[in-house]
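One structure is given here, and the rest of the page talks about it.
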Amino acid sequence: MDTKEIETIFTKYNIDAKGKASFKKLFDQNTDLLETINFEILSDKFISKLTFEELSRIVCDKKFQDTLINLDDNQYALFFKLKETFLTKDNWITGSNIIVKALNSSDFSELSASISSTTRTDILKNYFNVINQEQNYFGIKSIEQLENYDQIRNNVCTSILNNPENIQGLTEHIQSLSELDRVKFATIEKNFGISLTQAKLLCQKYGFNIENAQEIVGNEKIHTFLKNLTQIISSDSIEQIEKLELAEMNIENFNAIDTEIRKSFAQMYNDKFYKPKEEDLIEVIEIDGKKVPIYNAGTNFYMCSHVVGAFSHKNNGEQSYQQAWNIPKRTNHVFCTRMISNESLELAKEEQIGYGFTDFENSALVASAPWDMASMELNKQFDTVGTMDTERTMAACEGSSSRFLTPMEQANNTRIDGNETNWDRFNSNGEKKQPSYIICIADSMSNDEYKNSKNYQDSLIVAAQYGIPLVMLDREKIIENEHLEIENMLQEYEETQNPYLINRIIQRFENNRTTGYCQKCEEKYKTEFPLRNNDRYRSLESLVAKLVDISKENENNTRVISTNN
């Protein structure tokens with residue numbers, strides 16, 4: 001599209017100087033703009049209500065953009081009243097998507113029309129809480145009902161809990177549930193203000209296997225909340241639910257709690273990610289007049305890694321890596337990373353440049369799972385989080401396309417095809433996230449031969465381009481330490497018979513054995529895990545056999561002692 005055609009479009013949509021200036025600024029940061037933009041979004045009607053960063057995100061998704069533009073005047077006014085009153089930088093994307101979907105839903109159409117002209121914050125707040133549910137479970141259709149929404153919901157839930165068989169006066173959505181599910185629904189709604197479906201989604205995303213979690217999930221408050229939801233959902237009878245002791249927790253709505261949980265996971269990840277320390281510095285090398293500090297991360301770490309071009313065959317041509325990373329494109333606003341650790345030392349492709357990231361904004365965490373989520377197309381959606389939750393693109397048995405795990409459980413559950421954690425490329429001010437350091441794996445750092453490898457030399461150059469450190473990982477030392485840790489746990493098990501150690505020993509062995517699948521180091525891990533040939537055990541199977549032998553030996557010793565007494 002040439003300049004003349006663009007000017008014609010400006011005239012057609014009556015785009016003023018402010019709109020034209022916005023277009024130029026948008027195009028300067030996103031050369032793919034013409035593929036997605038609806039020029040009507042540049043009218044004063046929209047750019048007077050949207051920040052530039054919000055606008056730059058919206059114009060990348062044609063579907064959401066068109067839906068927003070097609071709102072009638074009353075819907076338009078209501079959308080912006082809700083957005084300006086209840087949404088923040090942390091949740092404006094997911095929240096905007098919820099509002100737009102509700103304004104286009106027949107389930108909420110009568111209610112939306114009844115409040116379109118109100119300015120009462122209490123009414124708007126209750127409306128926002130109602131549309132946060134995926135269906136109008138309590139049949140709220142008027143301002144009068146909104147004024148008493150909490151009481152209506154409480155009365156319906158109390159009625160269900162007192163008499164689960166009675167379906168009189170209930171909406172069709174609730175009537176369709178089984179008696180047990182109605183009680184689960186009423187218990188969750190009354191105590192937490194979200195639906196049974198939403199509770200299941202939260203547990204699938206964030207509380208998987210929480211009963212056996214080895215770490216606090218999120219924080220104490222969130223861990224308890226997810227555990228309570230799991231207890232309710234997994235109950236086999238109404239009597240079981242009645243006996244539960246549930247924690248008191250004030251939850252505004254689904255969007256608020258989903259955002260809070262994701263932020264807590266982001267904080268947990270940020271706290272765990274390796275950051276270069278002074279004592280890890282091994283040398284400083286000068287490249288093209290720039291000093292590059294080199295660090296050794298040691299044998300105990302978690303890292304957030306992204307391999308440039310790991311799943312594409314594009315050639316950078318004459319561009320530097322820094323120029324390629326900062327190319328002016330915004331359509332794909334999410335980037336994929338892999339969490340690696342000393343137990344799971346597996347970059348997407350070792351021969352290519354690996355970026356390490358730390359200190360994300362907590363609101364930047366989008367999705368995560370201990371498998372490849374195949375999220376490339378989803379990462380172009382305006383609201384990637386909401387789209388993944390709605391479509392649930394993974395197998396039905398997984399329930400959701402996202403499964404957030406603590407760092408330790410991420411390693412324990414990553415098998416064969418690696419894990420994936422997705423972050424927004426841009427922070428709340430529209431600045432693109434930059435790598436914190438370059439990651440380079442050496443088979444061994446016992447001598448300086450590794451410095452002659454192309455990957456090491458290229459990594460130095462890229463680190464110099466960015467002006468960031470190079471962080472080395474010594475595979476030989478890491479494997480040696482993994483053996484030592486497993487040996488120490490075996491010895492501890494012989495002494496204590498602590499059943500937790502059985503699970504942990506096998507997990508750690510498997511974490512390492514999975515590492516390197518389809519990598520240049522695959523044979524090395526096949527050799528090393530199974531363990532040393534001259535050791536007491538040679539494979540996972542013989543390791544388990546060893547644990548069983550220890551258990552039997554201790555059981556026999558206990559019987560002998562008992563008999564003697």
Side-chain angles (χ1 to χ4, degrees), residues 1-85 87-89 91-105 109 112 116 326-335 366 376-387 390-391 424-432:
M1 189 177 295
D2 59 27
T3 304
K4 188 175 180 179
E5 289 176 304
I6 292 173
E7 284 296 336
T8 302
I9 293 172
F10 285 158
T11 302
K12 176 182 177 181
Y13 290 107
N14 196 26
I15 306 301
D16 59 17
K18 187 178 177 182
K20 292 176 182 179
S22 293
F23 174 81
K24 183 180 185 311
K25 191 176 177 182
L26 288 167
F27 189 79
D28 285 345
Q29 68 167 216
N30 180 16
T31 54
D32 291 334
L33 179 65
L34 294 175
E35 296 177 15
T36 57
I37 189 170
N38 182 326
F39 281 85
E40 197 170 344
I41 200 77
L42 296 175
S43 65
D44 188 65
K45 175 181 178 180
F46 293 102
I47 63 177
S48 63
K49 291 285 190 179
L50 297 166
T51 67
F52 179 77
E53 175 49 33
E54 290 169 344
L55 184 65
S56 65
R57 179 65 167 262
I58 289 171
V59 297
C60 290
D61 188 319
K62 187 168 177 54
K63 183 179 179 182
F64 179 83
Q65 185 181 191
D66 290 348
T67 304
L68 184 61
I69 288 170
N70 289 328
L71 296 178
D72 64 32
D73 290 344
N74 288 334
Q75 292 172 327
Y76 167 90
L78 182 54
F79 173 85
F80 281 103
K81 272 190 287 189
L82 293 167
K83 178 182 175 298
E84 291 162 5
T85 307
L87 303 185
T88 67
K89 280 186 174 183
N91 67 4
W92 80 271
I93 295 170
T94 51
S96 293
N97 199 29
I98 286 170
I99 297 169
V100 164
K101 286 172 70 176
L103 291 174
N104 285 279
S105 168
S109 58
S112 300
S116 59
N326 291 291
I327 192 169
K329 292 182 183 293
R330 285 184 63 100
T331 304
N332 193 338
H333 59 84
V334 175
F335 72 101
V366 174
M376 299 279 283
E377 287 305 311
L378 290 166
N379 292 341
K380 298 177 183 178
Q381 304 291 319
F382 166 71
D383 177 14
T384 302
V385 175
T387 303
T390 302
E391 295 184 2
D424 207 303
R425 288 182 187 271
F426 305 92
N427 66 20
S428 55
N429 294 320
E431 299 159 339
K432 183 173 281 190

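In this text, all values refer to a predicted model and were calculated from it rather than measured experimentally.
The distance from atom OG1 of Thr94 to atom CG of Leu87, rounded to the nearest 0.5 Å, is 7.5 Å. The line from NZ of Lys45 to OH of Tyr13 is 13.0 Å long, rounded to the nearest 0.5 Å. To the nearest 0.5 Å, atom OG1 of residue Thr31 and atom NZ of residue Lys329 are 3.5 Å apart. Separating the NZ atom in Lys432 from the NE2 atom in His333 is a distance of 12.5 Å, to the nearest 0.5 Å. Put simply, CD1 on Ile15 and CD1 on Ile9 are 9.5 Å apart, with the number rounded to the nearest 0.5 Å. With rounding to the nearest 0.5 angstrom, the CD atom of Gln381 is 9.5 Å from the CG atom of Asn97.
Contact between Asn332 and Lys380 at its shortest, heavy atoms only, is CA-CG, 4.1 Å. Across every non-hydrogen atom of Phe382 and Asp61, the tightest pair is N-OD2, 2.6 Å. Closest approach of Ala102 to Ser112, counting heavy atoms only: O-OG, 4.3 Å. Between Gly386 and Asp383 the shortest heavy-atom distance is N-OD1, 2.9 Å. Taking every heavy atom of both residues into account, Ser56 and Arg330 meet most closely at OG-NH2, 3.2 Å. Of all heavy-atom pairs between Lys83 and Leu50, the closest is CE-CD2, 4.1 Å.
Paired with Cys60 under the rule side chain to side chain contact (heavy atoms under 4.5 Å, CB included), one option of Asn30, Asp32, Leu26 passes, and it is Asn30. When each of Ile98, Leu71, Leu82 is tested with Leu103 by the rule side chain to side chain contact (heavy atoms under 4.5 Å, CB included), just one qualifies, namely Leu71.
Under the ring pair (Phe, Tyr, Trp, His ring centres under 6.0 Å) criterion, Phe79 pairs with no residue at all, not counting sequence neighbours. Residues meeting the side-chain contact (heavy atoms from CB on, under 4.5 Å) test with Gln65, sequence neighbours left out: Ile37, Asn38, Ile41, Ile58, Val59, Ile69. For Glu40, there are no salt bridge (Lys or Arg N to Asp or Glu O under 4.0 Å) partners, not counting sequence neighbours. Scored by the salt bridge (Lys or Arg N to Asp or Glu O under 4.0 Å) test, Lys81 finds no partners at all (sequence neighbours excluded). With sequence neighbours left out, Arg425 forms a side chain to side chain donor-acceptor pair (under 3.5 Å) with no residue at all. A search for ring pair (Phe, Tyr, Trp, His ring centres under 6.0 Å) contacts involving Phe426 returns nothing, not counting sequence neighbours. Taking the side-chain contact (heavy atoms from CB on, under 4.5 Å) definition, one finds that Asp72 meets it with Asn74, Gln75, sequence neighbours left out. Remark: Glu431 engages Asn427, Asn429 in a side-chain contact (heavy atoms from CB on, under 4.5 Å) (not counting sequence neighbours). Scanning for ring pair (Phe, Tyr, Trp, His ring centres under 6.0 Å) contacts around Tyr76 gives Phe46, Phe80, with sequence neighbours left out. Partners of Lys101 under the salt bridge (Lys or Arg N to Asp or Glu O under 4.0 Å) rule, at least two apart in sequence or in another chain, do not exist in this structure. In this structure, the side-chain contact (heavy atoms from CB on, under 4.5 Å) partners of Ser22, at least two apart in sequence or on a different chain, are Leu42, Ile47, Leu55.
Counting heavy atoms from C-beta on, the side chains of Arg57 and Asp424 come closer than 4.5 Å. Put simply, the side chain of Lys49 reaches to within 4.5 Å of the side chain of Glu84, judged on heavy atoms. With contacts defined as side-chain heavy-atom distances shorter than 4.5 Å, the pair Phe52/Gln29 qualifies.
Judged purely by atom type and a 3.5 angstrom limit, Asn70 has no side-chain atom pairing as donor or acceptor with the backbone of Thr67.
Classified by interplanar angle (parallel below 30°, tilted 30° to 60°, perpendicular above 60°), the ring pair Phe39/Phe10 is perpendicular.
Pairs of residues two or more places apart, or lying in two chains, that qualify as salt bridge (charged side-chain N to carboxylate O under 4.0 Å, His left out) and include a residue from residues 6-16 are Glu7-Lys20.
Heavy atoms from other residues, nucleotides or ligands lying under 6.0 Å from NZ of Lys62 number more than 12.
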